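For reference, the structure discussed in these notes is given below.
Atoms considered below: every heavy atom in the structure, side chains included; atoms not considered: hydrogens, waters and symmetry mates. Owing to the predicted nature of the structure, the values given are computational and were not obtained by experimental measurement. We're numbering straight along the sequence, starting at 1.
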Amino acid sequence: MRRSLPPACLSVAMTCGMLWALPAPASAQVEFLQRCSQDSLDAYQAEQRINWARRCALNLHTSGPQDFFATGEPYAGGSGGPTLFDYLDDRYASRSYTGSYERLINTRYRYNLFLSSGGPTTQSRDPLNSWKWTKSLNYKRPRPMYPTFGSTNNIATAVLLKPSTNPADCNLYDAQGSASDTFHVLGFCTASCYTPEQKVLFPEGYQSIVEAADARRPTMMTLTPDALLGDIQVMENDVHSYIAELRDGEHVIFEIRTASGGLLRLTDEHPVVLGGGQLAQARTLQVEQELIREDGSLDSIVSVDKTTHHGKVYNLQPQTTDRVSNLLIAQGYVVGSARFQNDDIGYINRIILAGAIPDEVIPR
């Protein structure tokens, strides 16, 4: 039968579409995502994990296909309607396939697999007769955000758990192959970039990324949507999420030194804005290329050294979704946010910060 929710819970069901959020100050709910080198999956494997988690939650943690509730969110097509239907993964407090806070099965599935910034959602019955949400393939994430699991919801002490290779098996296993009686989503895996000491510009000034992440600082400084080459303007922007490695690990780091004495220490895929306004990954940077300083001046690269860092790496992403306001200031230079490693990875090597450049030659 159709499920009814109390008003407070229904309000959450109607408005949430976010990744797992840790407790934050009352003024903001800043999300904290995970980078998971010990549970690393490619895009195909990530999608399989997301589908597995949805199916297991529906099969084991609900009363069946009719145990749904109306979210109040309009649907764009398919069947059912006039609202999208969702399910709660809430049968057991000590077991969850979807997260520790908003245990919304279809909401979580959609957000992990599809971009949130565009495209209508449709729904239809899946092979198990449960309601399932989807979007056009044009809005599929290049890197799906898949759940990683632990024996408790304490990231620091939890034993890491993984599904078996049998998609019909809904258990989660430790490294010795023993199924765990309890399991929790520790976070959702995506990409990170900065070593802990690297400083990012916040409204109060520069602060190390690890200090900002630990404090769940709710706002950051980014470029304005209309910023141009030679006219770099910044604004205060809400933080959507901080991203951190789940466990200490070994990471390839590129140290980029400039003629003015500047230093950036970034992971290989971190996006940096070059003097011509195009994005480039740290691993492709070369001596004599130019970086853009926060005042708009150019600074030549004098050395690029590949090294390693043992520990955690971090990143962050603003709430805004336009590409220019997803450029921020790190160590005094214009770089890209986490969005360009996930949702907008296709803009690497393209011009996104325009100047005196004819519109017709800028890739769209």
| field | Charged N-O contact under 4.0 Å between D126 and R54 | value |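 Yes, this pair counts.
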
| Under-4.0 Å salt bridge between R283 and D268 | yes

May I ask you to check whether [X] and [Y] show a side-chain donor-acceptor distance below 3.5 Å?
X    : Y    : answer
H240 : Q319 : no
R339 : T321 : no
N166 : S164 : no
S325 : T320 : yes

Is the NZ or CZ atom of [X] positioned over [Y]'s six-membered ring, under 6.0 angstrom from the centre and within 45° of the axis?
X    : Y    : value
R95  : F183 : no
R49  : Y44  : no
R293 : Y333 : yes
R217 : F202 : yes
R141 : Y111 : yes

Treat each ILVMFWY residue as a node, draw an edge where side-chain heavy atoms are under 4.5 Å apart, and state whether [X] and [Y] are in one component.
X    : Y    : answer
L172 : Y146 : no
Y109 : M145 : no
V324 : M235 : no

Atom [atom1] in [X], atom [atom2] in [Y]: separation rounded to 0.5 Å?
X    : Y    : atom1 : atom2 : value
T222 : I329 : OG1   : CD1   : 9.0 Å
T308 : H310 : OG1   : NE2   : 10.0 Å
I256 : D305 : CD1   : CG    : 9.0 Å
I292 : E294 : CD1   : CD    : 12.5 Å
T284 : Q289 : OG1   : CD    : 6.5 Å
D169 : W52  : CG    : CH2   : 8.0 Å

| message | Within a 6.0 Å radius of atom NZ on K135, are there more than 12 heavy atoms belonging to other residues, nucleotides or ligands? | response |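 Check passes, neighbour count above 12.
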
Any side-chain to backbone donor/acceptor pair from [X] onto [Y]? Under 3.5 Å, distance only.
X    : Y    : value
S96  : G99  : yes
T182 : S94  : no
D174 : S178 : yes
Q198 : R265 : yes
Q317 : I243 : no
Q281 : P271 : no
S208 : E197 : no
T258 : G262 : yes
R91  : T62  : yes
D86  : N106 : yes

| request: Please determine which of T122, T107, T71 meets the side-chain contact (heavy atoms from CB on, under 4.5 Å) test together with L84. | output: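 That would be T71.
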
| task | Could you name each residue pair satisfying disulfide (SG to SG under 2.5 Å) that touches residues 107-188, not counting sequence neighbours? | result |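 Every pair satisfying disulfide (SG to SG under 2.5 Å) with a residue in residues 107-188: C56-C170.
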
Within a strict 4.5 Å, meaning less than it, do heavy atoms of the [X] and [Y] side chains meet?
X    : Y    : value
K132 : N51  : yes
L279 : V273 : yes
P318 : M220 : yes

| Minimum heavy-atom separation for G150 to A158, with atom names? |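 Smallest heavy-atom distance, with atoms named: CA-CB, 4.1 Å.
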
| query | Given K140 and E47, is the salt bridge (Lys or Arg N to Asp or Glu O under 4.0 Å) satisfied, shown in steps? | reply | CA-CA 10 Å; K140 205 167 189 178; E47 184 171 348; 2.9 Å; yes

| said: Under the criterion side-chain hydrogen bond (donor to acceptor under 3.5 Å, both in side chains), I'd like the reasoning laid out for T219 against E236: C-alpha separation, chi angles, the key distance, then a yes or no. | reply: CA-CA 6 Å; T219 61; E236 186 170 356; 2.9 Å; yes

| said: In terms of relative ring orientation, are H251 and H309 parallel, tilted or perpendicular, with 30° and 60° separating the classes? | reply: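 Ring orientation of H251 relative to H309: parallel.
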
| So, for F149 and H184, is the gap between ring centers shorter than 6.0 Å? |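 Ring centroids of F149 and H184 are no less than 6.0 Å from each other.
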
